[in-house]
There are 2 protein chains.
Amino acid sequence: MGTAVAEDRIFQALADPSRRRIFESLTRGEAAVKDLTARFDISQPAISQHLGHLKSAGLVNRRRDGRNVYYRVEPRGMKPLIDWIAHYRAFWTERLDRLERLLKTIGEQRLRGGT
Amino acid sequence: MGTAVAEDRIFQALADPSRRRIFESLTRGEAAVKDLTARFDISQPAISQHLGHLKSAGLVNRRRDGRNVYYRVEPRGMKPLIDWIAHYRAFWTERLDRLERLLKTIGEQRLRGGT
DNA sequence: ACAATGAATAAGCGACGACTTATATATAGT
DNA sequence: ACTATATATAAGTCGTCGCTTATTCATTGT
């Protein structure tokens with residue numbers, strides 16, 4: 001029953017706005033903790049904790065360089081999320097197509113003076 | 001600064017495992033609250049609350065039929081999430097491609113007896 | 001009008017999570 | 001060895017969240 005899956009940690013990691021902003025910031029390039037601390041208005045420990053969550057979710061990687069620790073996005077980290085969505089992609093597109101057809105049909109009926 | 005965006009509610013809605021299971025269940029077809037209450041091991045109010053969250057996140061719709069209230073997935077609801085991911089798609093694919101090339105290169109080096 | 005069924009809301013509780021400050025660890029430079 | 005800088009961890013606080021039970025609202029049938 002305790003089937004904790006990959007998308008679990010990812011959704012949780014990205015659910016917090018501050019953490020998502022940090023993550024988005026990292027997509028624009030590798031950054032050290034001090035950089036992020038300067039960029040955002042929360043304490044350095046808070047930044048480190050967020051990075052810890054992102055890391056254990058597989059979304060970022062660490063690299064040490066002297067006193068600095070640089071974090072960068074792990075591109076493969078997003079895969080489980082993409083897969084989760086893709087699992088229902090057929091559903092989404094099918095439904096969206098059906099909706100478009102429906103709206104089109106209704107539009108045509110209205111033009112013809114139908115209900 | 002309080003820029004609460006669409007993906008905010010979506011990520012939050014999908015972050016909870018129970019709620020995500022309910023949502024996934026709905027992707028397999030429309031269902032009434034009583035159906036979901038029978039399907040899952042949590043109380044009816046809990047189900048209704050989860051559905052409320054999913055609804056206000058734009059992920060599901062309501063339809064009343066007599067005493068029953070049927071919920072169904074709103075296909076367009078996923079769009080903000082897909083867009084959010086797609087916004088970095090160039091990033092992901094670029095990085096993934098580079099990674100693949102790198103791994104390939106390393107593999108070739110190893111075959112040639114390199115480090 | 002009444003009873004029965006289905007769903008939503010109210011209120012409260014316990015756990016978890018996102019912060020904080022304080023402290024520990026690691027590295028660099030003198 | 002000492003000091004300064006960068007990061008991580010510890011401990012505690014406060015709000016939020018997911019759940020429960022109790023109740024209310026809505027609809028149907030007799």
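It should be emphasised that the depicted structure is a prediction, and the values quoted were computed from it without experimental measurement. A, B, ... follow the sequence lines: proteins, then strands. Residue 1 opens every chain.
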Contact between [X] and [Y] at the side-chain level, heavy atoms closer than 4.5 Å - yes or no?
{"X": "A:Asp8", "Y": "B:Arg20", "result": "yes"}
{"X": "B:Tyr71", "Y": "B:Arg62", "result": "yes"}
{"X": "A:Val69", "Y": "A:Arg64", "result": "yes"}
{"X": "B:Leu14", "Y": "B:Leu81", "result": "yes"}
{"X": "A:Leu36", "Y": "A:Leu51", "result": "yes"}

In this structure, how many angstroms lie between the [atom2] atom of [N] and the [atom1] atom of [X], rounded?
{"X": "A:Leu54", "N": "C:dG17", "atom1": "CG", "atom2": "P", "answer": "14 Å"}
{"X": "B:Lys55", "N": "C:dA7", "atom1": "NZ", "atom2": "P", "answer": "16 Å"}
{"X": "A:Arg9", "N": "C:dG17", "atom1": "CZ", "atom2": "C1'", "answer": "13 Å"}
{"X": "A:Arg63", "N": "D:dA8", "atom1": "CZ", "atom2": "C1'", "answer": "18 Å"}
{"X": "A:Leu51", "N": "D:dA6", "atom1": "CG", "atom2": "P", "answer": "16 Å"}
{"X": "A:Tyr70", "N": "C:dA26", "atom1": "OH", "atom2": "C1'", "answer": "15 Å"}

Can you give me the closest heavy-atom contact between [X] and [Y], atom names plus distance?
{"X": "B:Asn68", "Y": "B:Ala32", "result": "CB-CB, 4.3 Å"}
{"X": "B:Ala13", "Y": "B:Leu59", "result": "CB-CD1, 4.1 Å"}
{"X": "B:Glu24", "Y": "A:Trp84", "result": "OE2-NE1, 2.8 Å"}
{"X": "A:Ser25", "Y": "A:Phe40", "result": "CB-CZ, 3.9 Å"}

Check: Is the phosphate of D:dT7, meaning OP1 or OP2, less than 4.0 Å from a side-chain N or O of A:Arg62?
Finding: no
Next item on the list: Please step through side chain to side chain contact (heavy atoms under 4.5 Å, CB included) for the pair A:Gln44 and A:Ser48, ending with a clear verdict.
Entry: CA-CA 6 Å; A:Gln44 172 268 313; A:Ser48 283; 3.1 Å; yes
Next item on the list: Any chance you could list the contact pattern along nucleotides 13-22 of chain D? Use B for base contacts, S for sugar-phosphate-only contacts and - for none, protein heavy atoms under 4.0 Å, 5' to 3'.
Entry: ----SSBBBB
Note to self: Looking at A:His50, is its backbone amide N or carbonyl O close enough to the side chain of A:Arg19 to form a donor-acceptor pair, meaning the two atoms are under 3.5 Å apart?
What the structure shows: no
Give me, pair by pair, the N or O atoms of the protein and of nucleotides 4-6 of chain C that are less than 3.5 Å apart, along with how far apart they are.
| residue | atom | partner | partner atom | Å |
| --- | --- | --- | --- | --- |
| C:dG6 | O3' | B:Arg67 | O | 3.4 |
| C:dG6 | O3' | B:Asn68 | OD1 | 3.1 |

Next item on the list: Return the angle between end axes of the helix from C:dA1-D:dT30 to C:dT30-D:dA1, with five pairs used per end and rounding to 10°.
Entry: 20°
Margin query: Once you apply a heavy-atom cut-off of 4.0 Å, does B:Tyr71 come out as touching a base, just sugar-phosphate, or nothing?
Written below: sugar-phosphate
